[in-house]
Every structure is written in C-alpha cells, then in structure tokens.
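Here, residue 1 is the first one in the sequence, and each next residue gets the next number.
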Amino acid sequence: MHPDQAMEHLGAYGRFQMCVLALGCLITFACAWQFLGITFLAQDPEHHCRLPAGVTELNGTIPYEDGKWAQCSIYDPASTKTPPANISCPNGWKYSGEFQKTVTAEWDLVCGNAFMKDTASAVFMAGVLVGALTLPTIADMIGRKRVISVGLAAMFVFSATIVFVKSFVAFIVMRFFTALLLSGSYLSLYVLCLEWFPPAQRAFAGVVFWVPWVGGYCVLPVIAYFVHDWRHLQLIFTIPIAVVFCYPWLLPESVHWLVSQNKRDTAMELVQKAAKTNGSTLPDKFNLNAPEKSSEEGKKTLWHVLHTPLLRVYAVMMCFLWFVNSLVYYGLSFGVASWGGNIYVNFFLAGLIEAPSYVVLIISMKWWGRQKPTCVFHLIAGIPLLILPFLPQKTGPCFDLPGERPITPPVGSTSYFAHGSNIIGKFGISTSFGAIYLFASELYPTVVRNAGLGISSVFARIGGIIAPYLANSIGILEPKAPPLIFAALSILAAVVSVIIPETSQLPLMESLEDSRFLSKSYRDARLLIAQEPRETSLETKPTNNKVRPIDVEPVFTLHNSMQEKEDPKPIVTYHTSL
C-alpha cells in the first residue's frame, strides 16, 4: 500500500492529523514575530544632536527645519557665518519619546548609521536563504522530525541569546543563525504536516498551516504597543518557540520518509496508532510499500532545466516573478513605519488584509486558473502604488482638502487615500505571492520540480534581502522611489505572467520531455490529434466499436480526463511570506 493510500484510510480530517497540524500552527504563529519583529525592535526614536557641555537650550544650537528640530546636524560653534554652518553630531545623539529602549537608540543607528538597521533585516533574510537551501536536504537524509526538533530547539537558544548581546555585530550574527534554523526547520515542519494528509486534503492543510501567520502578524503590533524595551520584546518573540521541546514526544515522523528509508515497521506502527486515535479501520492485510521511482528521478537537476530550451525561458520568467513578489511584499512590510500616522494601526491593517487574500486566492484560482489571477493581482498591487506618490497630502486632522494647493506627499503621507493605496497594494502582492507557488509547482516537471522551486526560492530571498534597503534607506533619500519601483516591477510581473502558459488544465508533467506541452502550437496540434484522429494518416485499431489512433500519447488521455473534471486538485499548496 502506498503511504498516500494509508493516509486515505485514516480519514480526511482525523484527530491525529489535526493534532499534527496544530503543532505546526503554533510555530507558524510565532514565526511571523521573528520575521517581522525588527520593525519594532529597531523603531526610530525622536532624537537630535547631543548638546555641548554647559549648553541647555536647543534654540541657537540646533537648526530648526520644516517645523521641527534637525535630527542629524548641529551648528558649528567655531563658525563665524550667520547663520552658523551645520555639522554632523560630534557628541552623539539625545533620544526622547516612547522608543528610547530600541536597538536603534542603544547602538545609535540613526542618521549616517541608519542603513545598519536595514542590514539587520538583510542579514536575517540571508539566513532564511541559507537555511532553506540546507536543512530540508538534511531532513531528507536523517528524518524530518529530527531536523525539526533539533533545529527549532537550537533556534530557541539563539533567539534567547539575542536578549543578552552587548554589540550590534553580535545582534545580527545571532539573528542570522536564528533565521537559518527557523527557515530550514520550518519548511521541514510544513512538509511533514502535509504528508500526514491524503492528497485531496493537502490544499486545505496548506492553507490552515499558514493562517496563524496572519494572527501573529496582527498580534505583533498589539504586543509592541505595550512593550517598548527591545530586549523584553525579543524575549516575548522567543517564548512560544519553547513548545518545540515537547516535539520529540508529541510530533510523529513522516510515514512517507520512513517508507522511503525502508523503515516500514516503524511506519506501520505510526499508521496503526493514528488509526486507533481516529477510530479508523485499516485493511486486514495492511502493508506499506515504497512508491516506484521512474528511471529519470534523482538524475535531473537545475542544469537540465537550463538545457531544456522552452522550460529554460519560462523558468527565468518564474524566477523574476518570485523575486518581484518577495521584494514588494517585504518592502511594504518593512516600510510600514514610513506610511505615516499610527505605526501600530498601520501594521495591524497590513497584516489583517492578508486574511481575505487566502479566500480570494482559492476562489479565483478555482475559476480562472493560474495565469489570469497571477496577472490581475500583480496589477492590483502595482496600480495603487503607482499613483501613491501623487496623492494629496493630509492637510487637517481628519480630512483631505481637494481645494487646497496640490502637494506631492512623501510615501508616509497620512492621507486616507495614501493609506488605502498601501493596503490595496499589500493585498494584491500577498495574493499574487500565493498564486505563484502553485503556478511554479505545475510549471516544472516532477523530475526537476524541487530544483525549480528551489531556484525560484533563491530569487525570492534575494528580493527579501534587497527589500529593507529599498523601502527605508532609499526611501529616506527619495520618498517617491520605493512605491514607484514596487509599482513598475509589479506591473512588469503582470506582463511576464501572461507570457507563461496556463497550467491548470495541463496534466502534471513528469519528465523533461513533457515540457513540450508548454508550447501552445505543439499542445494544440497534439490535442487536436487526440480528439479528432485522422484515419488517412494514422494506423488505427477498433476499441469498443470506435476508431482510435494508436500513437496518441497516454498523457493526453490524462489531459482529456482532467478537462472533464470541474476542479482538478493540485498536489502543492502555497504561501505568501517564506
């Protein structure tokens, strides 16, 4: 019996599988804090240059610009000009307000050092990249449960160590290893949870697995509103991960992995335990067998993708889509402080808008396939961001006054229209990020699917590394630049997505030779032959009193049967953040 058949005998949503999924969801909730918490750990406090010894008045010492005291300059006491020349802060900075105990204030990450905050985010995303490339491979060799338990336990230690670091270098090094262990272990946990569900229910399990991300996203600003000390906040981020110390006793190993390693006795014991928990009945002669592997499996790598002409072109386009989605998604997430207004409300709304994106994504991909939703949601992300820099600035405490002289606001405009543009853009990119996961999984043949998704993920992480610099550092120099770049890339991604062929009505490709079905001319010609055989050119034989061409490839039988189904079920699910 194939492991998937065993999962079907356990029931679609049995108690055992749902408990496994719940253990994964606990980590998903806390994962959002680790990924996005830097927004509040490194929040900018009010600051100005520290005054020289004996000086107590800001007036005449600190320049007054645009209705506020300058943050990065002070009058040169040796200057003889009127007004005196400005110099950078020779004595450091003086901090005030509610964010005096942030990473930014502790290590003076302001003014000329502000880019170092973005470096902390970029280093974290680099850790995510390394972890995603290494730990899942190790999990395939030594077991998912072992990598998850050891990796997340080690991640807990590194995350807790951050609370006690005394230098910024130690801070970013600890965050790198935290991200590495979290990313790799988390992906293995995701795979393990899905493998405990029958194929038809894996789409449901995949969506449920990521829903707590939205919960963690929305709860984060509530916690940060009450806790302003970054060390206390980091400790709160770490505490939920402690549940991993129960995993050696609570989390079962993947039956699929056990069977693939010829540990059938252990796998059968686990299935029997799950059946007892669920109240399910297994067949009398229950036995587990490893699935047969094709002759191509294990021999094809990314190198073969690059040497398959048509697939190579579409793979490059798909990598571009992943790069854009990650760049825009994390750019908007990390740049929420520049939206203006209340940062806690902005952050909460940016997370809350992801909840309906799951529902909209499922419905749209069921009715319109992969290509059209991917294109439309990129446009929904790009168009509002394109007009964002040109919206009117808020001119009063409550209202925008269209009759006033037009003002081009910065990205952080407090205009309700500007806020709406940011939120709509976040909704669009969150939904398109989910769409490209499934789009990519159906684009690559089985023998290179892991390699194809792996290289796509690499480009996504590169986008995540660039995102904080673009959203913050470049945004300080030119406030219009980030939304315009995000918009241009999103709209370009919409155009590129139209070029990639629709995959929802194609059979799941198994070999590299099957990639020829991506050619519309070849696909249409072969499908025409399969549906309307030409008696004059093809040798035929009778089957049930019908004439059938004997050279019709079996894959088209699968294709035609899939077309008769209203909703073919995908085998790969999706997510909008990692």
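By the side chain to side chain donor-acceptor pair (under 3.5 Å) test, Thr28 pairs with Tyr186, sequence neighbours left out. Residues passing the ring-ring contact (aromatic ring centres under 6.0 Å, His included) test with Phe16 are Trp196, sequence neighbours excluded. For the salt bridge (Lys or Arg N to Asp or Glu O under 4.0 Å) test, residues two or more places apart in sequence or in another chain that qualify with Arg231 are Glu106. When the side chain to side chain donor-acceptor pair (under 3.5 Å) test is applied to Ser333, the partners found at least two apart in sequence or on another chain are Tyr217. Taking the ring-ring contact (aromatic ring centres under 6.0 Å, His included) definition, one finds that Phe323 meets it with nothing, sequence neighbours left out. Taking Thr374 as the reference, nothing meets the side chain to side chain donor-acceptor pair (under 3.5 Å) condition, with sequence neighbours excluded. With sequence neighbours left out, the ring-ring contact (aromatic ring centres under 6.0 Å, His included) criterion links Phe348 to no other residue. Under the side chain to side chain donor-acceptor pair (under 3.5 Å) criterion, Thr39 pairs with no residue, sequence neighbours left out.
In this structure the side chain of Asn278 reaches within 4.5 angstrom of the side chain of Gln17, judged on heavy atoms. Met155 places none of its side-chain heavy atoms less than 4.5 Å from the side chain of Ser185. Between Arg264 and Leu258 the shortest side-chain heavy-atom distance does not fall below 4.5 Å. Side-chain contact between Leu152 and Leu181 is absent, with no heavy atoms from C-beta onward closer than 4.5 Å.
Annotation: Phe29 is in aromatic contact with Trp33 [ring centroid separation under 6.0 Å].
Among pairs with a residue in residues 244-281, those fulfilling ring pair (Phe, Tyr, Trp, His ring centres under 6.0 Å) read Phe156-Phe245, at least two apart in sequence or across chains. For residues 425-436, every residue pair satisfying the salt bridge (charged side-chain N to carboxylate O under 4.0 Å, His left out) rule, not counting sequence neighbours, is listed here: Glu354-Lys426. Screening residues 122-145 for ring pair (Phe, Tyr, Trp, His ring centres under 6.0 Å), with sequence neighbours left out, gives Phe35-Phe124. The stretch residues 181-200 participates, sequence neighbours left out, in these salt bridge (charged side-chain N to carboxylate O under 4.0 Å, His left out) pairs: Arg144-Glu195.
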- Message: Using side-chain hydrogen bond (donor to acceptor under 3.5 Å, both in side chains), reason through Glu253 and Thr266 one step at a time and then give a plain yes or no.
- Response: CA-CA 9 Å; Glu253 181 56 273; Thr266 305; over 6 Å; no
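Judged by distance alone, the side chain of Gln234 and the main-chain N or O of Leu41 form no donor-acceptor pair under 3.5 Å.
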